[in-house]
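Right, one structure below, let's go through it.
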Amino acid sequence: MSPAEIHSLALEAALREEREPHADPEGVPEPSEVEVPRALRREIQRSMKRYPQKRSASIPALWAVQRRYGWCTPDGIRQAAAVMGVTPAYLESIASFYDLFHLEPTGDHQVLVCTNISCWLRGADELLGAFCEAAETGGPGHSSPDGKVYVRGFECLGACDIAPMVSIDERYYGPLEPADAADAVEQMRMRGEEVLPAKRLEDRGAAGGKRNPADDRITAHTMNKPKRPRPKSAARKKKS
Amino acid sequence: MAAETRILFRNIDEPGLASIRTYRRLGGYEAVKKAYQEMEPEQVLHELEESGLRGRGGAGFSMGKKASFLPRGDMDKYLCCNADESEPGAFKDRELMQKNPHQLIEGIIIAARAAGANRCFIFIRGEYDLQGDILDAAVEEAYGAGYLGTDVLGTGQQVKLVVHRGAGAYICGEETALLDSLEGKRGNPRLKPPFPAVQGLYGGPTLINNVETLSNAPHIISSGAEWFKSFGTEQSPGTKVVSVSGDVQRPGNYEVELGVPTKLLINDLAGGPPKGHKVKGFFPGGSSSPVLTGDEGMKLPYSFEAMQEAGSMLGSGSIIVFDETTSVVDLALRTARFYHHESCGKCTPCREGTNWTVKMLERLTRGEATPMDIEVIASVQENIIGHCLCVLGDSMAMPIGAMVKKYRSEFDDKLISQSYSAAAKAA
Ligand SMILES: Cc1cc2nc3c(=O)[nH]c(=O)nc-3n(C[C@H](O)[C@H](O)[C@H](O)COP(=O)(O)O)c2cc1C
Ligand code: SF4
Ligand code: FES
């Protein structure tokens, strides 16, 4: 056999192995045997086209499944696997690695309460307790009895400036008082009601306020050349 | 007077800045034109190298130098913008992307010219859904305007850009884990070398830079390396968007020249701790950086070199302040739990070390620990450092080690014998 032949045989064997790991009860689903909703199929196919290798669409495909079914259902995973030409077990192992994918049903609304350092310093534990109580989840990691609101503690969400904060259905709110929890839960239960409109992150300005006069010597971008070089003497050149 | 020096944050709250129209009205995309129409790729690379811009994502490595490590020649080369921002205390990239997405996109297109990259990705953490939507819209606008596509500004260079959302895993911020995740795998770090510049995404040469690093590129290209170096210190040129949070009155992002007194950031800009309280200590560079006590840290200049000299690091540039009401033992536990939760489990010292540290600290907070346990906590940290595939393990070991060392008496006070004697005294 030529080296090229050996190579292609080895490649084939490797591919087979990848497709049929020993613990994998199911191979790549036969596309004709799996019914996939059209919109879902199209979305996954679009994702696959955006990358040089289709496997890169694993996370986008799982997002599509989760958005459609509320969580990564076994059927949904199987559908995505059929579209992508990978095994369901492969996608399941991806889904289980990432915190935002649910392999079990959760509530209609997702509340992630940040309990990391900056939020903890400002009362995150109390806030998490207040949300659990308001939604009657019986503790973090559970949903309310009516299945509407799911509450869990979460690691730093990247918004320590509004600590303590929560993410509700992928939008950020803060800083919150424990008393805000009851309002938020009530608003989530009412269809079409805005949640905590006064506490939305997106409406906040930069912490340092509007322009400050010191900006004026900054010449970047709008002007291609510095108007005046920065006087070295006035500089805060802090050679310690 | 306490003042910010805004370059990246200039116009930050200008209404409509996230749209290409407003961004261009304020001078945006001029730097891309310059880089593609007036400059050769080598010149762009040279300017970035000359500027001395250091990575803003944690390690502080020279951005231009890293770009120069990519091989020349015609092949698929990749650029990944690291927008995973999951280190506790960091939230600067969020504000930069949400309010000025085109500044980042322009920076990516410029860096792509310097590195010869034709396929670019923004890896944004899945939790940043709003920011992901904003970036999606901005990328589409940039394609529409001809800044992205198969023929950037008629130069024949191809630059494609895809916004890729993660799904919740701190470890994906580590650059090689990010690559695996982007390839559709579980986000596990890879063994280095080979370094991504040689063999990265899909096995091709790959440049990985942080959001803030790349957002600096348009300014360096339009105003020049010399201009850029007139800000900051010799070893830390430029400005830094610093996330200040925790026990301060005005938490938020402040852009300052590197090298300003740390006190200016904590007290003057962020308002210091609540009235009547004082700074007990702080993390100078996110939760992975060794804590500094208020006394030793407040007087230091805020620069890469000064923080390193003090035995800590500037990291991502995120200050978390805690006041005297904070129990450092509780703080240590909170910190350790995070790393334990996020450890990918590949290396034993990290997986077991983070697990043990949490267990010991829990025993300590329950008042069940013996003096030997504190020694064990300290030695576990030493045994993690330098023994793992990536630095996640170190990222726990360093701050916890510093807490035990600098606030030892608080740990001792929780010891079993101490609680016995306290109980005996009370009886
Ligand atoms: C556990 C871990 C998490 C990290 N998280 C991030 C992150 O969220 N964002 C980031 O830019 N860099 C992060 N880094 C650093 C990256 O590995 C890499 O150094 C950086 O993205 C390079 O960009 P820069 O040179 O522009 O800083 C992390 C590193 C480690 C070890
Ligand atoms: S150090 Fe920890 S997080 Fe990094 S690769 Fe090893 S086990 Fe995974
Ligand atoms: S600690 Fe809560 S958002 Fe960072």
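Proteins get letters first, then strands, A, B, ... in listed order; numbering begins at 1 in each.
Side-chain atoms of D13(B) come within 3.5 Å of backbone N or O of A206(A) as a donor-acceptor pair. Put simply, the side chain of R186(B) gets close to the backbone of S93(A): a donor and an acceptor are under 3.5 Å apart. A donor-acceptor pair is defined here as one N or O able to donate and one able to accept, closer than 3.5 Å; such a pair exists between the side chain of R94(B) and the backbone of G158(A). A donor-acceptor pair is defined here as one N or O able to donate and one able to accept, closer than 3.5 Å; such a pair exists between the side chain of W63(A) and the backbone of G166(B).
For Y170(B), no part sits under 4.5 Å from any heavy atom of chain A, backbone or side chain. Neither the backbone nor the side chain of D76(B) comes within less than 4.5 Å of any heavy atom of chain A. Interface remark: Q131(B) contributes side-chain atoms only to the contact with chain A (heavy atom separation under 4.5 Å). Within the 4.5 angstrom heavy-atom criterion, no atom of D180(B) approaches chain A. Both the backbone and the side chain of E127(B) come within less than 4.5 Å of a heavy atom in chain A. For a residue to count as touching a neighbouring chain, one of its non-hydrogen atoms must lie under 4.5 Å from one of that chain's; by this rule S181(B) touches chain A with backbone and side chain alike.
The pair D161(A)-R250(B) fails the salt-bridge criterion, with no side-chain N (NZ, NE, NH1 or NH2) lying under 4.0 Å from an Asp/Glu carboxylate O.
The aromatic rings of F121(B) and Y51(A) sit parallel, their planes meeting at an angle under 30°, below the 60° perpendicular limit.
The shortest side-chain heavy-atom distance between F322(B) and I117(A) does not fall under the 4.5 Å cut-off. When side chains are defined from C-beta on, E95(B) does not count as touching L201(A), because their heavy atoms never get closer than 4.5 Å. Counting only heavy atoms from C-beta outward, the side chains of L331(B) and W120(A) approach each other to under 4.5 Å. Looking only at side-chain heavy atoms (C-beta outward), T115(A) and F338(B) stay at 4.5 Å or farther from each other.
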